[in-house]
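Positions are given from 1, in the same order as the sequence printed here. Predicted model only: the values in this text are computed from it and were never measured.
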Amino acid sequence: MKEEIDSQRRDPPQISPESDHDQYPEGGLKAWSVVLGAWCAMIPSMGLLNSLGTLQPWTSTHQLKDYSESSIGWIYGTYTFFLFLGGARFGAILDSHGPLYVVLPGSIGIILSLIFLSFSNEYYQIFLSFSVLGGISASTLFTPPLAAVGHWFNVRRGWATGVACTAGGVGGCIFPLIILFAAPLIGFEWAIRIIALVCAVTCSIACLTVRSRLPPKKAVTPVDFKALKDIKYASATLSVFFVEFAVFVPITYITSYALHAGFDEQLSYAVLVFLNLGAVFGRFLPGLVADRLGRFNVMIMSCFMCSLLTLVLWLSGDLIDPDKLGIVISYAVLFGFWSGSAISIAPVCISQVCEIQDYGKRVGTTWTIVSFGTLIAIPIAGAIQQHNNGEYYGLIIFGGVLYILSTIAFFISRGICKGWGWGIKF
């Protein structure tokens, strides 16, 4: 007996509890307050992104009426470029210092960018205020809040991220409606200032509630391109690249298409609101399903449905149906729903192929690569439309083909990461 006790003293039992880093709260007041903060942060960043379909036709028929569609497209392509490009730097700051160091200056920047935009009439003024300052500021209010949500949820990460990402759809409804109803009465300038006020309120809440759970980790480099040597991460990044390349073509040009189809101005601008209403449900419902059926599986289905809707419903309506109203509204709502996962589920897919401590940096690296696709997607679509003498069939085919490529890419990535069987949950 004495020998057994001595043995236990020399070799104490090895207890291997799950580390605090791996114990995700999966809920509770603190965790859901971070989701609320991320939601408030993304009202300005993703809300403005989802409002490009209102800003593009307004500026093309007012301040920038003497410029080509391709030239105007660079303004909004550059906004998306900076929004995603900044993810690398700001994701690394999240890992090393925490979210407040990026959310606070970004909040100030996005408000200033809108104020400057309200005074802008020239191309370079709109480009500098909205595209550059607005895009960089929006980046701080996108990647770090999303990554912070990932610190608090694992099993329910798709659901929590999806709830936070509904902000893009909500902002994409509110901001176009402000412009639609306020601009004719008090002018576009004051409509933008009202949007700046809304952003000031939501950003204040975000600064108070977005927080990380993990201890600071010194980031060696904000962009981890060496991670692309991992075939799983590289294939997931390529898949996200294609889907983000595709998603902004319909979002940006659906209102212009409605004006081209002969809808009155109010109804044309309302089409984007219908799209974003669909996106509200498309952000959180696929997230809930993705946690149960697999995130990559949901992305495959979402991309396939978007390609089908674009190439069958929208294209056939454009070429065949003389009365396009029902087709356009149906497409807007259905596409808004199915395309919502491009923002809410895509970063969760990245989280499945990396360590959580590197989540901010890996997501930032992915979106750095994605940014180059979003930079050229809108101008290319505008150039195609201009080449076709203002007709939209080429632009529609372009968007649909991109979605086919994204469907194939996600299917291959899932096969590389988990397996090729149809019943695999991943």
**Study point:** Between W314 and Y257, ring centroids under 6.0 Å
**Key:** yes
Review point. Between F296 and F411, is the ring centre distance below 6.0 Å?
Key: no
Partners passing side-chain contact (heavy atoms from CB on, under 4.5 Å) against [X] (at least two apart in sequence or in another chain):
X    : answer
K232 : D230, V353, I416, C417
S339 : V247, C306, F335, Y403
D66  : none

Pair [X]-[Y], side-chain donor/acceptor within less than 3.5 Å:
X    : Y    : value
S239 : R414 : no
T54  : S51  : no
T166 : W39  : yes
E69  : Q56  : yes
T366 : T237 : yes

Name every donor-acceptor pair, under 3.5 Å, that has one atom in a side chain of residues 41-48 and the other anywhere in the protein, sequence neighbours excluded.
| from | atom 1 | to | atom 2 | distance (Å) |
| --- | --- | --- | --- | --- |
| S45 | OG | A41 | O | 3.4 |
| S45 | OG | L141 | O | 3.2 |

**Study point:** Within 6.0 angstrom of M305 CE, more than 12 heavy atoms from elsewhere
**Key:** yes
Check residues 167-181 and write down every donor-acceptor pair under 3.5 Å in which the side-chain atom is one partner and the other belongs to a residue at least two apart or another chain.
none

Check your understanding: Taking side chain as C-beta onward, heavy atoms only, is L315 less than 4.5 Å from T310?
Key -> no
Exercise for review: Evaluate the criterion side chain to side chain contact (heavy atoms under 4.5 Å, CB included) for residue pair I376 and F372; output intermediate values, then yes/no.
Suggested key: CA-CA 7 Å; I376 61 176; F372 290 95; over 6 Å; no
**Study point:** Residue pairs fulfilling ring-ring contact (aromatic ring centres under 6.0 Å, His included) with at least one residue in residues 40-69, sequence neighbours excluded
**Key:** W58-H62, W58-F188, Y67-Y123
Review point. Can you check side chain to side chain contact (heavy atoms under 4.5 Å, CB included) on V240 and E244, steps first, answer last?
Key: CA-CA 6 Å; V240 174; E244 300 296 346; 3.9 Å; yes
